Amino acid sequence: MNILEHLDKNNLHHAYLIEGAREEIFLEIKEFLKKIDVDTVGNPDFVNISIDNFKIDDAFALRSMSAGKSFSSVKKIFLIYANTMSIDAQNVLLKMFEEPIENTHFFLIVPDANFLLKTFISRFYLISARPCLDEEEAKEIEKFIKMPLKNRIDYIKELLAVPEEKEEDIAPLDSARSKALRFLDALEFVLHKKMSKAAFDINPFLHFFKVREFLRMPGSSTKSLMESVALITPNML
């Protein structure tokens, strides 16, 4: 989906919620900002926040930043990426996103909007741009499904490994939680396709749903949760 189709420079919404792949969405939004003469480099009125788990302290900080006056006469832009956002953080920001601030616009990007409160989502112009599973990802999932349990556990350990050195700007993409959520989406998609209607087993999918919920809770063990996924996933040779 082309994000630019939803952005009207003459009638810009105060808050956009976009679900999908961060890299592609960032590029499209930055392309749009150039069209409305908003610099994304060296501009104090452009704030780029990229974070794994957006917590209540982050919400208070964002609310404080948005309340300040712009340094120029043009628009103030907040471009935010978060893998998850706590319920407390969402509640703190509800009123801010409900009441537009003049010449201030928010672009909140998440991989999946399902973890957000319905009341929170209702404050936004929602754009869904979730990517389809590519052929390479599908092949990896096929291999995982056919593996014996020990190999699956090793695969999960390698999957969740986070580089010791990485650019701060892309850290949320490399987090173990982020990798686990993307893997779960792909696994669920492939597994659903492979199961015939006659042999369909809902139990793995119910387990995946619970794992997603726990992954979004602060302090949860990503490794233990994903090992349980390795254990529950049916072997489909």
Side-chain angles (χ1 to χ4, degrees), residues 1-86 88-113 116 120-131 162-163 165-175 177-178:
M1 177 182 289
N2 188 345
I3 303 300
L4 300 180
E5 294 176 358
H6 294 267
L7 305 179
D8 182 356
K9 65 180 181 180
N10 298 315
N11 186 25
L12 196 60
H13 199 274
H14 73 284
Y16 293 89
L17 174 62
I18 310 169
E19 59 172 2
R22 173 190 181 275
E23 304 98 319
E24 291 84 352
I25 294 171
F26 263 44
L27 290 174
E28 290 196 54
I29 292 176
K30 287 183 178 180
E31 180 185 337
F32 172 76
L33 294 178
K34 288 180 182 178
K35 293 180 179 179
I36 60 173
D37 299 320
V38 174
D39 292 327
T40 57
V41 178
N43 178 7
D45 288 328
F46 173 75
V47 180
N48 186 359
I49 300 171
S50 193
I51 193 168
D52 183 29
N53 185 16
F54 198 100
K55 301 177 182 177
I56 190 169
D57 289 343
D58 304 307
F60 281 122
L62 178 61
R63 198 168 69 177
S64 177
M65 284 188 287
S66 67
K69 292 184 178 180
S70 65
F71 291 88
S72 64
S73 59
V74 296
K75 301 181 185 301
K76 196 171 182 180
I77 303 292
F78 291 87
L79 182 54
I80 306 157
Y81 176 86
N83 283 319
T84 62
M85 179 178 283
S86 73
D88 288 338
Q90 293 177 61
N91 285 326
V92 166
L93 297 175
L94 274 175
K95 190 171 182 181
M96 184 187 80
F97 286 130
E98 184 178 16
E99 300 176 356
I101 304 169
E102 188 178 6
N103 292 324
T104 299
H105 303 273
F106 299 88
F107 296 85
L108 173 59
I109 304 168
V110 296
D112 181 1
L116 297 170
F120 185 79
I121 295 174
S122 68
R123 269 60 173 178
F124 292 84
Y125 181 117
L126 177 61
I127 303 172
S128 182
R130 295 178 68 180
V162 178
E165 296 181 2
K166 54 184 179 295
E167 295 179 26
E168 185 176 344
D169 185 48
I170 63 170
L173 290 173
D174 291 333
S175 73
R177 183 186 289 108
S178 174

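All values below come from the heavy atoms of this structure, side chains included, with hydrogens, waters and symmetry mates left out. Fair warning: this is a prediction, and the values are worked out from it, not measured in the lab.
For the pair Arg177 and Asp52, the minimum side-chain heavy-atom distance is below 4.5 Å. At a threshold of 4.5 Å between non-hydrogen side-chain atoms, the residues Thr84 and Phe54 do not count as touching. For the pair Leu17 and Ile121, the minimum side-chain heavy-atom distance is below 4.5 Å. Between Ile51 and Tyr81, the closest side-chain pair of non-hydrogen atoms is not below 4.5 Å. Between Thr104 and Met96, every side-chain heavy-atom pair lies at or beyond the 4.5 Å cut-off. Side-chain contact between Leu94 and Phe120: present, with at least one pair of heavy atoms (C-beta onward) separated by less than 4.5 Å. In this structure, the side chains of Asp45 and Val38 stay at 4.5 Å or more apart for every pair of heavy atoms.
Applying the salt bridge (charged side-chain N to carboxylate O under 4.0 Å, His left out) test to pairs two or more places apart or on separate chains, those with a residue in residues 94-104 are Glu98-Arg123. Residue pairs meeting the salt bridge (charged side-chain N to carboxylate O under 4.0 Å, His left out) criterion with at least one member in residues 54-68, sequence neighbours excluded, do not occur.
The CD1 atom of Ile127 sits 4.5 Å away from the CD1 atom of Ile18 when rounded to the nearest 0.5 Å. Between the NE2 atom in His13 and the CG atom in Leu7 there is a gap of 11.5 Å [rounded to 0.5 Å]. Residue Tyr125 holds its OH atom at 15.5 Å from CG of Leu108, rounded to the nearest 0.5 Å. Atom CG of Leu93 is separated from atom CE of Met85 by 6.0 Å, given to the nearest 0.5 angstrom. Rounding to the nearest 0.5 Å places NZ of Lys9 at 9.0 Å from CD1 of Ile36. Atom CD1 of residue Ile80 and atom CG of residue Asn48 lie 9.0 Å apart, to the nearest 0.5 angstrom.
Using a distance-only test at 3.5 Å, with no hydrogens or angles considered, a donor-acceptor pair links the side chain of His14 to the main chain of Phe97. Under a 3.5 Å cut-off, the side chain of Lys76 and the backbone N or O of Met65 do form a donor-acceptor pair.
Taking every heavy atom of both residues into account, Phe46 and Leu79 meet most closely at CZ-CD2, 3.9 Å. For the residue pair Gly20 and Ile109, the shortest heavy atom distance occurs at O-CG2, 4.4 Å. Between Ala113 and Leu126 the shortest heavy-atom distance is CB-CD1, 4.5 Å. The two residues Ala89 and Ala59 come nearest to each other via the heavy atoms O-CB, 3.6 Å. The two atoms that bring His105 and Leu12 nearest to each other are CE1-O, 3.5 Å, heavy atoms only.
If you look at Phe78 and Phe107, their ring centroids are not closer than 6.0 Å. You'll find the ring centres of Tyr16 and Phe124 outside the 6.0 Å limit.
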